[in-house]
Amino acid sequence: MRLIRRPEVLKRCGFSNSTMHRLIKAEDFPSPVLLGSRAVAWVEEDVDAWIRERIDGPDDD
């Protein structure tokens, strides 16, 4: 398992910091993991899964 920091998440997803926080608040984007009192990161697998969902589109099952 790998943790990635905010600049990498924003680069991978292609949106702004404020958009990311809006999506997290709406529970439409993975929440960060608290690393310390002022440090957070995201689980790389969670971010990759979120991106794949956007590429694949909604399931028709």
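Keep in mind that what you see is a predicted model, and the values were worked out from it rather than measured. All residue numbers refer to positions in the sequence shown, counting from 1.
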Strictly by salt bridge (Lys or Arg N to Asp or Glu O under 4.0 Å), give each pair with a member in residues 15-30 just once, sequence neighbours left out. none

Compare all side-chain heavy atoms of F29 with those of V9 and state whether any distance is below 4.5 angstrom. yes

Going by the side-chain hydrogen bond (donor to acceptor under 3.5 Å, both in side chains) test, which pairs reach into residues 5-16, not counting sequence neighbours? R6-N17, R6-H21, E8-R12, R12-E44, R12-D48, S16-S18, S16-T19

Can you give each donor-acceptor pair under 3.5 Å made by side-chain atoms of residues 30-38, sequence neighbours left out, with the distance rounded to 0.1 Å?
none

Find out if a path of hydrophobic residues (ILVMFWY) with successive side-chain heavy-atom gaps under 4.5 Å connects V47 to M1. no

Contact between M20 and W42 at the side-chain level, heavy atoms closer than 4.5 Å - yes or no? yes

How long is the span from the CD1 atom in I4 to the CG atom in L10, to the nearest 0.5 Å? 9.5 Å

